[in-house]
Chemist: 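A single structure is presented below for examination.
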Protein chains: 2
Amino acid sequence: MAEQTQFEELGRQFSAVGAVHRDLRRVLPHDCPSGSAAVLTLLGRYGDMRMSKLAELLSVDMSVTSRSVAHVVDRGWIERSPDPADKRSRILRLTPAGQAMVDDLARRTTDLLAERLGDWTDDEVAQLIRLMARLKDSFGDCRPPHARPPHPSQSATAAAAAPAPTSAPVLEATATRTSA
Amino acid sequence: MAEQTQFEELGRQFSAVGAVHRDLRRVLPHDCPSGSAAVLTLLGRYGDMRMSKLAELLSVDMSVTSRSVAHVVDRGWIERSPDPADKRSRILRLTPAGQAMVDDLARRTTDLLAERLGDWTDDEVAQLIRLMARLKDSFGDCRPPHARPPHPSQSATAAAAAPAPTSAPVLEATATRTSA
DNA sequence: TATTGTTATACTCTATAACTATA
DNA sequence: TATAGTTATAGAGTATAACAATA
């Protein structure tokens with residue numbers, strides 16, 4: 001196990017990274033705040049899914065997710081269709097305009113990172129990605145206590161660690177869990 | 001230079017780390033939100049300083065800093081004394097109660113990290129710290145455009161990269177720059 | 001009775017702009 | 001005229017709780 005002083009220092013570094021995150025937010029389109037961008041990006045990466053699964057991937061309460069999704073729906077970037085398997089549920093799906101926005105967001109973020117990290121080696125970036133992913137993994141479900149389900153979901157981490165599938169495994173996984 | 005797809009992936013990882021950051025916020029005392037915690041932690045690390053220097057270290061606009069500082073002053077954790085060298089300015093200093101809070105904050109953060117990252121090696125934590133610091137360094141001054149000074153400050157990065165000095169070099173550096 | 005999702009409320013963070021006091 | 005700092009206002013993120021509809 002690492003030393004105490006290291007953890008202290010690591011804690012401080014989070015604020016620094018927060019500043020970088022704010023900087024990244026500034027390159028987003030005016031009508032697409034970071035909450036909306038996160039919704040679109042996750043839908044683009046994991047495909048159609050339900051609100052509850054999206055909330056899990058976002059690591060926030062579903063009420064937060066609901067508001068973000070409503071914003072994105074208003075702009076025509078995603079559509080909510082009823083889930084035939086569960087009438088309480090709704091399936092979220094990117095529209096063509098939404099997919100275009102996903103592409104635009106990726107381009108903006110990538111451009112800024114490429115500009116700022118122009119002198120980083122391929123390996124350094126890969127290492128940072130790996131350690132950040134491991135960090136998230138070590139923390140597990142980061143949602144507020146009351147939003148965490150009693151049955152620790154086994155599909156969440158697996159989906160989040162997947163190498164960007166193009167189909168809709170997340171949706172299927174959720175449907176499976178319901179009947180388990 | 002790293003590949004495009006890497007930057008895209010790195011961009012996504014920021015949201016994941018944001019979730020971890022939210023989790024860390026939850027262990028803070030009820031009357032010490034993350035903005036106040038950041039103020040106290042920086043004062044504890046770099047010693048007495050002026051508002052403008054604190055804003056620079058926080059990477060936010062001074063108006064944000066001002067409000068956070070006011071909150072912390074209200075609770076008696078820091079005090080603002082007039083700067084004898086510049087009557088517009090005020091020097092911020094931790095009170096004994098503030099120092100106690102700094103210690104408490106460090107303990108809480110360290111405990112949570114030690115619990116979650118219990119299986120990380122010393123070297124892995126060190127690598128993550130190093131890469132996060134480099135990331136911040138590559139981004140430079142992350143404050144909103146209008147808050148950035150015309151003269152790119154040379155003391156900011158140096159101070160932020162310092163290995164936790166106990167005296168007040170930040171304050172001195174600022175005073176020096178004024179007369180330069 | 002439990003779960004899915006929405007809405008209402010409140011608090012924090014952040015940015016912009018207007019303002020005061022001093023350099 | 002420019003700078004240090006404060007205050008006002010607005011927008012976004014997040015959490016809690018109350019609620020409706022369905023399982």
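In what follows, chains are A, B, ... by sequence order, proteins preceding strands, each numbered from 1. What you are looking at is a predicted structure, and each value in this text was computed from that prediction instead of being measured.
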Chemist: To the nearest Å, give me how far apart CG (B/Leu54) and C1' (C/dT14) are.
Modeler: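 Going from B/Leu54 (CG) to C/dT14 (C1'), I get 15 Å.
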Chemist: Calculate the interatomic distance between B/Arg67 atom CZ and D/dT9 atom P; express it in whole Å.
Modeler: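 Whole-Å distance recorded here is 13 Å.
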Chemist: Whole angstroms only, please: what is the CG-P distance between B/Asp61 and D/dT7?
Modeler: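 Value for this atom pair: 15 Å.
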Chemist: Looking at B/Arg90 and B/Asp83, does any basic side-chain N land under 4.0 Å from a carboxylate oxygen?
Modeler: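 Salt bridge between B/Arg90 and B/Asp83, a charged N being under 4.0 Å from a carboxylate O: no.
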Chemist: Identify, between B/Thr65 and A/His146, the residue whose nearest nucleotide on DNA chain D lies closer to the 5' end.
Modeler: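 The residue whose closest nucleotide sits nearer the 5' end is B/Thr65.
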Chemist: Report yes if a side-chain nitrogen or oxygen of B/Ser66 is closer than 4.0 Å to either non-bridging phosphate oxygen (OP1 or OP2) of D/dT7; otherwise report no.
Modeler: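 No.
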Chemist: Within the structure, does a side-chain N or O atom of B/Ser68 lie under 4.0 Å from either OP1 or OP2 of C/dC13?
Modeler: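 No, outside the criterion.
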Chemist: Are B/Glu8 and B/Gln4 close enough that a side-chain donor and a side-chain acceptor fall under 3.5 Å?
Modeler: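 No.
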Chemist: Closer than 4.0 Å, any side-chain N/O of B/Ser34 to the OP1 or OP2 of C/dC13?
Modeler: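 Yes, B/Ser34 has a side-chain N/O under 4.0 Å of OP1/OP2 on C/dC13.
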Chemist: Return the residues of residues 18-32 of chain B meeting this criterion: a heavy atom under 4.0 Å from some atom of DNA chain C. Order them by number, or give none.
Modeler: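 Under 4.0 Å from DNA chain C: no residue of residues 18-32 of chain B.
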Chemist: Would you tell me if any nitrogen or oxygen in the side chain of B/Ser89 comes within less than 4.0 Å of OP1 or OP2 on C/dT22?
Modeler: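 No, B/Ser89 has no side-chain N/O under 4.0 Å of OP1/OP2 on C/dT22.
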Chemist: Can you check whether any acceptor in the base of D/dT16 is under 3.5 Å from a donor in the side chain of A/Ser63, or vice versa?
Modeler: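 Checked by distance alone, the answer is yes.
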Chemist: Using salt bridge (charged side-chain N to carboxylate O under 4.0 Å, His left out), reason through A/Arg107 and A/Asp104 one step at a time and then give a plain yes or no.
Modeler: CA-CA 5 Å; A/Arg107 202 177 317 116; A/Asp104 184 34; 3.3 Å; yes
Chemist: Taking the nucleotide of DNA chain D with the closest heavy atom to each, which residue, A/Ala85 or B/Ala70, is nearer the 5' end?
Modeler: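 Between the two, 5'-proximity favours B/Ala70.
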Chemist: Run the salt-bridge test on A/Arg134 and A/Asp137 with the 4.0 Å N-O cut-off and return the result as yes or no.
Modeler: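 No.
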Chemist: Return the value, rounded to whole Å, for the distance between atom CZ of B/Arg148 and atom C1' of C/dT16.
Modeler: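 One finds 15 Å between C1' of C/dT16 and CZ of B/Arg148, rounded.
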Chemist: Which whole-number value in Å describes the distance from A/Arg50 CZ to C/dG5 C1'?
Modeler: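 Value for this atom pair: 10 Å.
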Chemist: Check the distance between C/dC19's C1' and B/Met62's CE and give it to me in whole angstrom.
Modeler: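 After rounding, the reported distance stands at 13 Å.
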Chemist: Nearest whole angstrom, please: distance from the C1' of D/dA23 to the CZ of A/Arg90.
Modeler: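 Atom-to-atom, A/Arg90 to D/dA23, this comes out as 17 Å.
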Chemist: Return the 5'-most residue of the pair B/His71, A/Arg80 with respect to DNA chain C, ranking by each residue's nearest nucleotide.
Modeler: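 It is A/Arg80 whose nearest nucleotide is closer to the 5' end.
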Chemist: Within the 3.5 Å criterion, strictly below it, is a donor on B/His71 or B/Arg67 matched to an acceptor on the partner's side chain?
Modeler: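 Looking only at side-chain atoms, B/Arg67 and B/His71 do not form any donor-acceptor pair under 3.5 Å.
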Chemist: Base, sugar-phosphate alone, or nothing: which one does B/Met51 contact when heavy atoms must sit under 4.0 Å apart?
Modeler: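 Sugar-phosphate only.
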Chemist: Is B/Arg93 atom CZ crowded by more than 12 heavy atoms from other residues, nucleotides or ligands, each under 6.0 Å away?
Modeler: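 Not buried by this count: 12 neighbours or fewer within 6.0 Å.
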Chemist: Of the nucleotides C/dG5, D/dA4, D/dT22, which one has an atom closest to the side chain of A/Arg88?
Modeler: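 Of C/dG5, D/dA4, D/dT22, D/dT22 is nearest to the side chain of A/Arg88.
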Chemist: Is there a donor-acceptor contact under 3.5 Å linking the side chains of B/Asp123 and B/Thr121?
Modeler: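 No, no side-chain donor-acceptor pair sits under 3.5 Å.
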Chemist: Using whole Å, what does the distance between atom P of nucleotide C/dA2 and atom NZ of A/Lys87 come to?
Modeler: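 Answer to the nearest Å: 23 Å.
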Chemist: Can a side-chain donor-acceptor contact be found between B/Ser138 and A/Arg116 if the only test is distance below 3.5 angstrom?
Modeler: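 B/Ser138 and A/Arg116 do not have a side-chain donor-acceptor pair below 3.5 Å.
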